[in-house]
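Data block below; observations after.
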Amino acid sequence: MPAKTQTVGATYQVARQNKKKDTMPITILIGAQWGDEGKGRVVDWLAASADIVARYAGGDNAGHTVALDGEVYKLHMIPSGILHSDVVSVMGNGMVINPVNLVREINVLRKMGVDITPERLVISSRAHIITPAHIALDKARELALGDNKIGTTLRGIGPAYLDKTGRAGIRTGDMLLDVEEYAERLVNAIELSNEDLRSQGLGTLDAREAAHSYLEAADFLRPYIRDVSIYLYQALKAGKKVVCEGAQGTLLDIDHGSYPFVTSSSPTAGGALTGLGVGPLFVERVLGVAKAFSTRVGGGPMPTELHGDIAQHFRGSGVNFWDEFGTTTGRPRRCGWLDVVMLRYAVSVNGLSELMLTKMDILSGLDELQLATAYEIDGDRYDYPPVTNEQLERAKPVYETMPGWREDISNCRHFSDLPAAARDYIRRVSQLCDVPIDMVSVGPERDQLVLKGTSEGLPTAAQAM
Ligand code: IMP
């Protein structure tokens with residue numbers, strides 16, 4: 001089939017057959033904004049030419065959505081690669097795992113026809129376990145912060161990572177212990193957190209009852225647990241292709257995000273290495289995924305946030321699964337123009353080799369589009385985010401206006417099919433961030449992708465890995 005007329009579906013098939021062996025085997029995929037960039041569907045696409053897809057950070061605070069043949073799969077902890085029958089999914093040591101919710105997620109996917117066995121899903125023995133006490137503490141801390149709350153997903157993420165770094169956590173490998181020993185660790189950990197809850201005047205947990213469901217989950221998960229770092233090293237040495245699936249986004253990173261309005265893990269590219277126990281020399285590419293506009297859930301500064309009709313246009317009504325309401329919490333997301341200052345920062349922090357823009361179709365129907373190319377703070381111009389959150393709160397975006405387009409672009413499959421204004425928008429973002437953009441998405445389905453390469457000789461899916 002000539003390149004010009006080759007559809008994404010066809011390139012996808014070619015990708016499955018052409019697992020290239022002459023490049024380094026790891027592709028890291030990260031969110032370049034505040035999460036919810038559409039990483040799940042991009043990983044799903046990359047998985048076509050991979051052997052392993054590995055999640056390296058976060059837990060069930062994430063919600064990765066993949067639409068496939070009329071079904072919508074919502075993945076919270078399990079990597080999006082699970083939807084490919086010949087791909088192994090790996091959950092890394094950088095994750096925090098709620099075992100009861102993980103068993104539930106596996107069972108939901110199995111009911112939808114997804115085959116999940118210990119041969120297809122590997123869980124690190126060094127990930128940390130989220131207990132019911134972590135969830136109770138997450139809620140208690142948010143309550144205590146009042147108006148200054150982070151706006152967490154209330155999944156116990158922060159308290160679990162706090163126990164990890166405080167060297168008081170329970171690890172997935174502990175599920176391999178003698179049942180009595182594991183039960184005792186759980187009960188002790190919950191009792192310890194009960195003291196915290198009690199001191200805040202809050203209700204405590206029945207440690208024995210809470211531990212019971214965790215013992216059941218341990219029976220289920222035991223065969224899936226192993227040393228992921230060694231597993232991946234051996235796979236990489238054998239020439240297997242690995243996609244590292246980031247969760248959340250660069251601007252929610254514990255070190256590089258707008259602290260303290262961040263999550264407690266490292267979603268950036270560096271986190272992939274520590275979160276899986278792999279070395280940097282295996283990495284070939286670092287791909288960033290960004291929405292064609294900005295969204296954020298929870299508190300913290302968002303310089304390009306909008307409140308009127310345009311925010312509503314971006315958010316949608318909530319009837320479609322791709323509307324801007326949290327996959328995990330259902331909260332409406334804050335929406336605004338594309339913030340190029342933040343994207344530039346993401347390119348720099350992650351060393352992105354390329355950027356993909358998602359949800360371009362949502363921009364259709366607007367007369368004009370704005371790109372925040374810099375900030376003005378106290379009379380000074382900033383091309384990168386300022387050092388403090390206080391300055392960021394005062395940042396006034398410097399906008400560049402671009403013409404919009406009215407056409408529905410959801411059926412476009414080649415860069416040249418897009419209206420000129422859409423092509424100009426993509427080129428301008430690429431130029432402002434100094435990074436190539438070779439792929440955009442124009443709808444939620446697996447094949448609703450526009451690959452620049454299919455009409456202009458740039459990379460196609462088959463060449464992507
Ligand atoms: P936590 O990760 O639940 O502690 O939440 C900390 C912050 O990260 C809050 O602002 C959440 O809304 C945000 N957050 C966590 N996970 C996601 C995600 O998957 N998408 C978008 N925002 C997230």
Side-chain angles (χ1 to χ4, degrees), residues 29-43 55-66 74-80 94-98 101 105 128 130-131 134-145 147-165 245-268 271 275 289-291 293-302 305 314-315 321-336 339 342 346 358-359 389 392:
L29 181 127
I30 59 100
Q33 295 163 312
W34 284 281
D36 310 317
E37 296 92 350
K39 295 179 290 294
R41 58 97 36 86
V42 181
V43 173
R55 262 276 304 266
Y56 60 86
D60 58 350
N61 49 349
H64 292 175
T65 308
V66 181
K74 290 184 178 174
L75 304 154
H76 296 283
M77 282 172 276
I78 299 176
S80 310
M95 293 186 70
V96 283
I97 294 173
N98 181 321
N101 290 353
E105 188 170 331
H128 275 250
I130 298 180
T131 67
H134 292 138
I135 297 170
L137 286 172
D138 198 358
K139 289 179 184 158
R141 283 176 195 160
E142 284 289 89
L143 200 66
L145 284 170
D147 286 348
N148 295 322
K149 70 177 181 183
I150 311 284
T152 74
T153 56
L154 303 178
R155 293 293 189 273
I157 305 293
Y161 278 113
L162 197 61
D163 271 351
K164 171 180 174 172
T165 49
E245 175 177 0
Q248 287 79 47
T250 301
L251 307 172
L252 291 173
D253 187 280
I254 184 75
D255 291 292
H256 305 290
S258 49
Y259 190 90
F261 298 100
V262 291
T263 189
S264 301
S265 66
S266 303
T268 42
V289 183
K291 253 179 235 176
F293 48 96
S294 301
T295 64
R296 177 168 199 170
V297 261
M302 182 181 176
E305 183 171 12
F314 289 153
R315 188 175 300 118
F321 72 85
W322 59 83
D323 288 340
E324 296 296 347
F325 292 79
T327 311
T328 301
T329 59
R331 289 179 292 179
R333 295 180 187 141
R334 298 155 70 191
C335 296
D339 189 333
M342 291 293 181
T358 56
K359 295 192 90 168
N389 265 348
L392 193 55

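Quick caveat: nothing in here was measured; it's all calculated off a predicted structure. Whatever order the structure lists ligands and atoms in, that order sets their numbers, starting from 1.
T152 and D138 share a side-chain donor-acceptor pair at under 3.5 Å. No side-chain donor from either of D60 and N98 sits under 3.5 Å from a side-chain acceptor of the other. Under the 3.5 Å distance criterion, with hydrogens and angles disregarded, no donor-acceptor pair is assigned to the side chains of Q33 and T295. Side chains of D253 and T268: a donor on one and an acceptor on the other come within 3.5 Å. With no hydrogens or angles considered, a side-chain donor-acceptor pair links R331 and T329 at under 3.5 Å.
Closest protein heavy atom to atom 10 (O) of ligand 1: V297 O, 3.2 Å. Here the heavy atom of the protein found nearest to atom 7 (C) of ligand 1 is V262 O, 3.7 Å. The closest protein non-hydrogen atom to atom 2 (O) of ligand 1 is T263 OG1, 2.6 Å. Scanning the protein for heavy atoms near atom 20 (N) of ligand 1, the closest one is D36 OD1, 3.0 Å. Nearest to atom 17 (C) of ligand 1 among the protein's heavy atoms is Q248 CG, 3.6 Å. Nearest to atom 3 (O) of ligand 1 among the protein's heavy atoms is T153 OG1, 2.5 Å.
In this comparison of G300, G151, G31, A160, the heavy atom closest to atom 11 (C) of ligand 1 sits on G151. In the candidate list V96, N61, L251, N61 is nearest to atom 18 (C) of ligand 1, counting heavy atoms. Scanning L154, T329, L252, T152 for the heavy atom closest to atom 14 (N) of ligand 1 points to L252.
For the residue pair V297 and R333, the shortest heavy atom distance occurs at CG1-CG, 3.5 Å.
Using a 4.0 Å cutoff on heavy atoms, R296 does not count as a contact of ligand 1. In this structure, S264 falls outside the shell of residues with a heavy atom less than 4.0 angstrom from ligand 1.
Salt bridge absent: R296 and E324 never bring a charged side-chain N and a carboxylate O closer than 4.0 Å. Salt bridge present: R334 and E305 bring a charged side-chain N and a carboxylate O closer than 4.0 Å.
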